[in-house]
Amino acid sequence: MPLSVVDLYRDVLPKTNCRDCGFATCLAFAGMVVSEKLPLDGCPHIDPETAARCQKILDAQHAAGKWTRRDMAEDALVWAREKAASMAIEDLPHRIGGRLVGKESNVELELPYFSGLIRIGRNGVRKADDEPLNRWEQVFIYNHMAQGGKVNPTGRWKAFQEIPNTVSKIKSMRAHVEIPLAERFSGKPEALAEAARRIGGLDKIREHPSADAAWRFTPLPKVPVMLLFWNQDDEFEAKIKLLFDETVCEHLDIESILFLSERLVQLLCDNQAG
Ligand code: SF4
(Lines give C-alpha, C1' and ligand atoms only; values in the text may rest on other atoms or scores of the structure.)
Protein backbone atom coordinates (compact mmCIF):
# COMPACT_ATOMS: atom_id res chain seq x y z
CA MET A 1 0.00 0.00 0.00
CA PRO A 2 1.47 3.40 -0.93
CA LEU A 3 1.86 6.03 1.77
CA SER A 4 -0.13 9.25 1.36
CA VAL A 5 0.58 12.50 3.21
CA VAL A 6 -2.26 11.67 5.58
CA ASP A 7 -0.98 8.10 6.20
CA LEU A 8 2.47 9.40 6.96
CA TYR A 9 1.22 12.17 9.23
CA ARG A 10 -1.34 10.03 11.03
CA ASP A 11 0.48 6.70 11.34
CA VAL A 12 4.22 7.37 11.21
CA LEU A 13 5.24 10.87 12.33
CA PRO A 14 5.20 11.83 16.03
CA LYS A 15 2.90 14.88 15.46
CA THR A 16 4.87 16.99 17.95
CA ASN A 17 5.78 19.77 15.48
CA CYS A 18 9.19 20.06 17.11
CA ARG A 19 10.69 21.55 13.90
CA ASP A 20 13.88 19.43 14.09
CA CYS A 21 13.32 18.50 10.43
CA GLY A 22 13.40 22.16 9.42
CA PHE A 23 9.65 22.38 8.80
CA ALA A 24 7.15 24.15 11.01
CA THR A 25 4.85 21.13 11.27
CA CYS A 26 4.90 17.35 10.88
CA LEU A 27 2.19 17.78 8.22
CA ALA A 28 4.38 20.10 6.14
CA PHE A 29 7.26 17.60 6.41
CA ALA A 30 4.94 14.73 5.37
CA GLY A 31 3.90 16.72 2.29
CA MET A 32 7.52 17.24 1.29
CA VAL A 33 8.41 13.56 1.80
CA VAL A 34 5.52 12.33 -0.34
CA SER A 35 5.49 14.93 -3.09
CA GLU A 36 9.07 16.23 -3.17
CA LYS A 37 10.94 12.97 -2.33
CA LEU A 38 12.57 14.28 0.84
CA PRO A 39 14.10 11.36 2.82
CA LEU A 40 12.00 10.24 5.75
CA ASP A 41 15.02 10.13 8.06
CA GLY A 42 14.94 13.96 7.95
CA CYS A 43 12.74 13.42 11.01
CA PRO A 44 15.08 12.06 13.69
CA HIS A 45 12.19 10.93 15.91
CA ILE A 46 10.97 7.87 13.97
CA ASP A 47 12.38 4.54 15.07
CA PRO A 48 14.94 3.35 12.48
CA GLU A 49 13.10 0.13 11.66
CA THR A 50 9.85 1.95 10.85
CA ALA A 51 11.74 4.61 8.91
CA ALA A 52 13.51 1.97 6.78
CA ARG A 53 10.28 0.06 6.12
CA CYS A 54 8.38 3.21 5.12
CA GLN A 55 11.25 4.55 3.02
CA LYS A 56 11.13 1.37 0.90
CA ILE A 57 7.43 1.97 0.23
CA LEU A 58 8.10 5.64 -0.53
CA ASP A 59 10.96 4.79 -2.93
CA ALA A 60 8.64 2.48 -4.85
CA GLN A 61 5.85 5.04 -5.13
CA HIS A 62 8.29 7.78 -6.12
CA ALA A 63 9.70 5.51 -8.84
CA ALA A 64 6.15 4.98 -10.10
CA GLY A 65 5.51 8.75 -10.06
CA LYS A 66 2.68 8.39 -7.54
CA TRP A 67 1.78 11.66 -5.81
CA THR A 68 5.07 13.20 -6.96
CA ARG A 69 4.25 16.74 -7.81
CA ARG A 70 7.58 18.27 -8.75
CA ASP A 71 7.13 17.79 -12.50
CA MET A 72 3.44 18.55 -12.32
CA ALA A 73 4.21 21.75 -10.43
CA GLU A 74 6.74 22.91 -13.02
CA ASP A 75 4.38 22.12 -15.89
CA ALA A 76 1.47 23.82 -14.19
CA LEU A 77 3.54 26.89 -13.41
CA VAL A 78 4.84 27.29 -16.97
CA TRP A 79 1.32 26.86 -18.33
CA ALA A 80 -0.21 29.29 -15.82
CA ARG A 81 2.51 31.89 -16.44
CA GLU A 82 1.96 31.70 -20.18
CA LYS A 83 -1.77 32.00 -19.69
CA ALA A 84 -1.34 35.12 -17.57
CA ALA A 85 1.43 36.71 -19.69
CA SER A 86 -0.96 38.44 -22.05
CA MET A 87 -2.75 40.21 -19.16
CA ALA A 88 -2.25 43.96 -18.94
CA ILE A 89 -1.38 44.65 -15.30
CA GLU A 90 -3.23 47.96 -15.54
CA ASP A 91 -6.50 46.06 -16.17
CA LEU A 92 -6.18 43.82 -13.15
CA PRO A 93 -7.49 46.04 -10.31
CA HIS A 94 -11.01 46.26 -11.71
CA ARG A 95 -11.07 42.50 -12.38
CA ILE A 96 -9.40 40.93 -9.36
CA GLY A 97 -9.02 43.88 -6.97
CA GLY A 98 -5.92 45.44 -5.43
CA ARG A 99 -4.21 48.65 -6.52
CA LEU A 100 -1.46 49.67 -8.90
CA VAL A 101 1.87 50.76 -7.44
CA GLY A 102 5.02 52.01 -9.22
CA LYS A 103 5.18 53.72 -12.57
CA GLU A 104 5.06 52.84 -16.28
CA SER A 105 7.36 49.89 -17.02
CA ASN A 106 7.69 49.09 -13.31
CA VAL A 107 4.00 49.15 -12.53
CA GLU A 108 2.86 46.32 -10.24
CA LEU A 109 -0.44 45.18 -8.81
CA GLU A 110 -0.49 45.09 -5.03
CA LEU A 111 -3.05 42.54 -3.99
CA PRO A 112 -4.23 41.49 -0.51
CA TYR A 113 -3.34 37.83 0.10
CA PHE A 114 -4.60 36.27 3.35
CA SER A 115 -3.41 38.77 5.99
CA GLY A 116 -0.51 40.09 3.85
CA LEU A 117 0.12 41.56 0.42
CA ILE A 118 1.55 40.21 -2.81
CA ARG A 119 3.01 42.13 -5.76
CA ILE A 120 2.27 41.06 -9.33
CA GLY A 121 4.60 42.54 -11.95
CA ARG A 122 5.92 41.80 -15.41
CA ASN A 123 8.69 39.69 -13.87
CA GLY A 124 6.53 37.52 -11.70
CA VAL A 125 4.62 37.27 -8.44
CA ARG A 126 6.15 37.75 -5.00
CA LYS A 127 5.13 38.69 -1.50
CA ALA A 128 5.36 42.41 -0.75
CA ASP A 129 7.88 41.59 2.03
CA ASP A 130 9.96 39.62 -0.53
CA GLU A 131 9.26 36.26 1.13
CA PRO A 132 9.01 33.67 -1.64
CA LEU A 133 5.68 32.18 -2.74
CA ASN A 134 5.72 28.44 -3.35
CA ARG A 135 5.07 27.07 -6.84
CA TRP A 136 1.50 26.04 -6.08
CA GLU A 137 0.64 29.48 -4.75
CA GLN A 138 2.06 30.99 -7.92
CA VAL A 139 -0.01 28.59 -10.03
CA PHE A 140 -3.31 29.58 -8.47
CA ILE A 141 -2.45 33.28 -8.45
CA TYR A 142 -1.56 33.20 -12.17
CA ASN A 143 -4.72 31.22 -12.86
CA HIS A 144 -6.72 33.79 -10.93
CA MET A 145 -5.18 36.58 -13.03
CA ALA A 146 -5.91 34.74 -16.25
CA GLN A 147 -9.38 33.59 -15.31
CA GLY A 148 -10.48 36.31 -12.93
CA GLY A 149 -13.92 37.46 -13.96
CA LYS A 150 -15.24 40.75 -12.72
CA VAL A 151 -18.06 39.40 -10.57
CA ASN A 152 -17.99 40.05 -6.87
CA PRO A 153 -18.73 37.35 -4.27
CA THR A 154 -22.44 37.09 -3.51
CA GLY A 155 -22.12 35.67 0.02
CA ARG A 156 -23.93 32.47 -1.01
CA TRP A 157 -21.75 29.52 0.01
CA LYS A 158 -21.31 26.15 -1.66
CA ALA A 159 -19.58 22.99 -0.46
CA PHE A 160 -16.75 21.83 -2.74
CA GLN A 161 -18.80 18.89 -4.04
CA GLU A 162 -21.61 21.25 -5.10
CA ILE A 163 -19.24 23.04 -7.50
CA PRO A 164 -19.49 21.59 -11.04
CA ASN A 165 -16.74 19.20 -12.22
CA THR A 166 -15.26 18.54 -8.79
CA VAL A 167 -16.08 14.80 -8.67
CA SER A 168 -12.49 13.69 -9.38
CA LYS A 169 -11.10 16.07 -6.75
CA ILE A 170 -13.44 15.40 -3.83
CA LYS A 171 -11.16 12.69 -2.44
CA SER A 172 -8.16 15.03 -2.61
CA MET A 173 -10.08 17.76 -0.80
CA ARG A 174 -10.86 15.33 1.99
CA ALA A 175 -7.41 13.73 2.13
CA HIS A 176 -5.28 16.85 1.84
CA VAL A 177 -7.49 19.47 3.44
CA GLU A 178 -10.45 18.43 5.56
CA ILE A 179 -9.11 15.31 7.31
CA PRO A 180 -5.66 16.64 8.29
CA LEU A 181 -7.18 19.90 9.53
CA ALA A 182 -9.88 18.14 11.54
CA GLU A 183 -7.27 15.83 13.10
CA ARG A 184 -4.97 18.73 13.79
CA PHE A 185 -7.56 20.84 15.62
CA SER A 186 -9.69 18.07 17.13
CA GLY A 187 -10.39 19.07 20.75
CA LYS A 188 -8.59 22.39 20.21
CA PRO A 189 -11.08 25.03 19.04
CA GLU A 190 -9.06 27.75 20.80
CA ALA A 191 -5.93 26.80 18.85
CA LEU A 192 -7.95 26.93 15.63
CA ALA A 193 -9.34 30.34 16.62
CA GLU A 194 -5.89 31.72 17.32
CA ALA A 195 -4.38 30.36 14.07
CA ALA A 196 -7.38 31.63 12.11
CA ARG A 197 -7.07 35.15 13.57
CA ARG A 198 -3.35 35.22 12.80
CA ILE A 199 -4.01 34.75 9.09
CA GLY A 200 -6.85 37.24 8.93
CA GLY A 201 -9.84 34.97 9.66
CA LEU A 202 -13.09 36.56 10.85
CA ASP A 203 -15.36 34.82 13.32
CA LYS A 204 -18.67 34.05 11.55
CA ILE A 205 -20.25 31.62 13.99
CA ARG A 206 -23.43 33.74 14.12
CA GLU A 207 -23.97 33.03 10.43
CA HIS A 208 -23.37 29.28 10.88
CA PRO A 209 -24.79 28.38 14.30
CA SER A 210 -24.98 24.65 13.50
CA ALA A 211 -21.15 24.43 13.57
CA ASP A 212 -18.91 24.77 16.63
CA ALA A 213 -16.75 27.37 14.87
CA ALA A 214 -16.96 29.26 11.58
CA TRP A 215 -14.09 31.31 10.17
CA ARG A 216 -14.15 33.40 7.03
CA PHE A 217 -10.84 33.89 5.22
CA THR A 218 -10.01 36.17 2.32
CA PRO A 219 -7.10 34.53 0.51
CA LEU A 220 -7.75 36.82 -2.47
CA PRO A 221 -10.11 39.81 -2.54
CA LYS A 222 -12.71 38.08 -4.72
CA VAL A 223 -12.17 34.56 -3.37
CA PRO A 224 -13.45 34.21 0.20
CA VAL A 225 -13.40 30.81 1.93
CA MET A 226 -15.55 29.75 4.88
CA LEU A 227 -14.22 27.08 7.23
CA LEU A 228 -16.77 25.23 9.37
CA PHE A 229 -15.54 23.16 12.32
CA TRP A 230 -17.38 20.60 14.42
CA ASN A 231 -15.40 19.49 17.43
CA GLN A 232 -15.12 15.85 18.50
CA ASP A 233 -17.71 14.56 20.96
CA ASP A 234 -18.60 11.18 22.50
CA GLU A 235 -20.18 10.04 19.27
CA PHE A 236 -18.37 11.72 16.38
CA GLU A 237 -14.85 12.65 15.39
CA ALA A 238 -14.00 16.27 14.65
CA LYS A 239 -15.02 17.45 11.18
CA ILE A 240 -14.04 20.34 8.93
CA LYS A 241 -15.82 21.58 5.81
CA LEU A 242 -14.66 24.32 3.50
CA LEU A 243 -17.28 26.41 1.71
CA PHE A 244 -16.68 28.60 -1.32
CA ASP A 245 -18.63 31.52 -2.69
CA GLU A 246 -20.94 30.48 -5.53
CA THR A 247 -18.89 32.70 -7.88
CA VAL A 248 -15.59 30.90 -7.18
CA CYS A 249 -15.39 29.30 -10.65
CA GLU A 250 -15.39 32.76 -12.20
CA HIS A 251 -12.06 33.30 -10.48
CA LEU A 252 -10.24 29.97 -10.19
CA ASP A 253 -10.23 26.59 -11.92
CA ILE A 254 -10.98 23.50 -9.82
CA GLU A 255 -7.32 22.50 -9.41
CA SER A 256 -6.50 25.98 -8.19
CA ILE A 257 -9.33 25.88 -5.64
CA LEU A 258 -7.66 22.77 -4.26
CA PHE A 259 -4.18 24.35 -4.16
CA LEU A 260 -5.57 27.40 -2.41
CA SER A 261 -7.31 25.16 0.14
CA GLU A 262 -4.07 23.27 0.76
CA ARG A 263 -2.30 26.57 1.33
CA LEU A 264 -4.95 27.46 3.91
CA VAL A 265 -4.20 24.16 5.70
CA GLN A 266 -0.47 24.91 5.75
CA LEU A 267 -0.98 28.43 7.04
CA LEU A 268 -3.33 27.31 9.82
CA CYS A 269 -0.91 24.56 10.89
CA ASP A 270 2.10 26.88 10.72
CA ASN A 271 0.27 29.50 12.78
CA GLN A 272 -0.92 27.17 15.50
CA ALA A 273 0.51 28.35 18.79
CA GLY A 274 2.94 26.18 20.71
S1 SF4 B 1 11.24 16.46 13.16
FE2 SF4 B 1 9.61 17.31 11.88
S3 SF4 B 1 8.36 15.56 11.32
FE4 SF4 B 1 9.66 14.92 13.04
S5 SF4 B 1 8.42 15.28 14.86
FE6 SF4 B 1 9.62 17.12 14.55
S7 SF4 B 1 8.31 18.47 13.25
FE8 SF4 B 1 7.47 16.40 13.16
Side-chain angles (χ1 to χ4, degrees), residues 1-70 72-73 114-116 127 131-137 171-199 201 215 217 227 229 231-232 237-240 258-274:
M1 278 279 283
L3 282 168
S4 68
V5 175
V6 176
D7 296 332
L8 210 53
Y9 173 73
R10 189 187 51 211
D11 304 333
V12 180
L13 297 177
K15 302 194 251 322
T16 54
N17 303 324
C18 68
R19 296 177 180 242
D20 288 348
C21 56
F23 291 89
T25 61
C26 297
L27 188 65
F29 177 71
M32 295 303 281
V33 169
V34 171
S35 65
E36 305 282 331
K37 305 184 188 175
L38 240 60
L40 189 56
D41 63 10
C43 169
H45 307 294
I46 310 171
D47 83 80
E49 208 175 293
T50 307
R53 178 175 49 79
C54 294
Q55 190 63 57
K56 257 193 192 165
I57 300 172
L58 288 160
D59 289 346
Q61 73 193 49
H62 288 153
K66 191 165 180 64
W67 293 317
T68 303
R69 303 208 303 176
R70 183 178 292 282
M72 268 169 57
F114 286 99
S115 54
K127 286 194 191 156
E131 280 276 302
L133 289 155
N134 71 34
R135 279 169 298 183
W136 296 104
E137 289 177 290
K171 265 193 187 166
S172 301
M173 179 60 91
R174 278 188 55 69
H176 299 302
V177 177
E178 293 173 347
I179 292 175
L181 263 188
E183 289 182 350
R184 183 63 180 262
F185 291 103
S186 177
K188 300 180 208 157
E190 306 80 18
L192 173 62
E194 184 164 353
R197 281 196 197 96
R198 284 183 183 176
I199 60 168
W215 292 96
F217 301 94
L227 180 154
F229 172 73
N231 204 358
Q232 63 181 39
E237 293 184 338
K239 195 172 112 184
I240 287 229
L258 200 55
F259 300 154
L260 180 144
S261 306
E262 289 175 2
R263 184 63 187 141
L264 176 63
V265 174
Q266 265 180 351
L267 286 172
L268 285 170
C269 292
D270 289 353
N271 280 279
Q272 183 181 352

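As the structure lists them, so they are numbered: ligands from 1, and atoms in each ligand from 1.
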Task: Atom of Val33, atom of Pro39 and distance for their closest heavy-atom approach - done: CG2-O, 4.3 Å
Task: Non-hydrogen atoms of Arg19 and Asp270 that approach each other most closely - done: NH2-O, 4.4 Å
Subset of ligand 1 atoms that lie under 4.0 Å from at least one heavy atom of [X]:
{"X": "Pro44", "answer": "1 (S)"}
{"X": "Thr16", "answer": "5 (S)"}
{"X": "Asn17", "answer": "7 (S)"}

TODO: Would you mind telling me which of Asp20, Leu13, Val34 makes a side-chain contact (heavy atoms from CB on, under 4.5 Å) with Phe29?
DONE: Leu13
Open item on the list: Could you check whether Lys239 makes a cation-pi contact with Phe229, meaning its NZ or CZ is under 6.0 Å from the centre of the six-membered ring and within 45° of the ring axis?
Closed with: no
Task: Proximity winner for atom 1 (S) of ligand 1, if only heavy atoms of Cys21, Gly42, Pro14, Cys26 are counted - done: Cys21
Open item on the list: Under 2.8 Å from atom 4 (Fe) of ligand 1, can any N, O or S atom of His45 be found?
Closed with: no
TODO: For ligand 1, note which part of Lys15 has a heavy atom under 4.0 Å away: side chain, backbone, both or neither.
DONE: neither
- [ ] May I ask you to decide whether Glu194 forms a salt bridge with Arg198, counting only side-chain N to carboxylate O separations under 4.0 Å?
- [x] yes
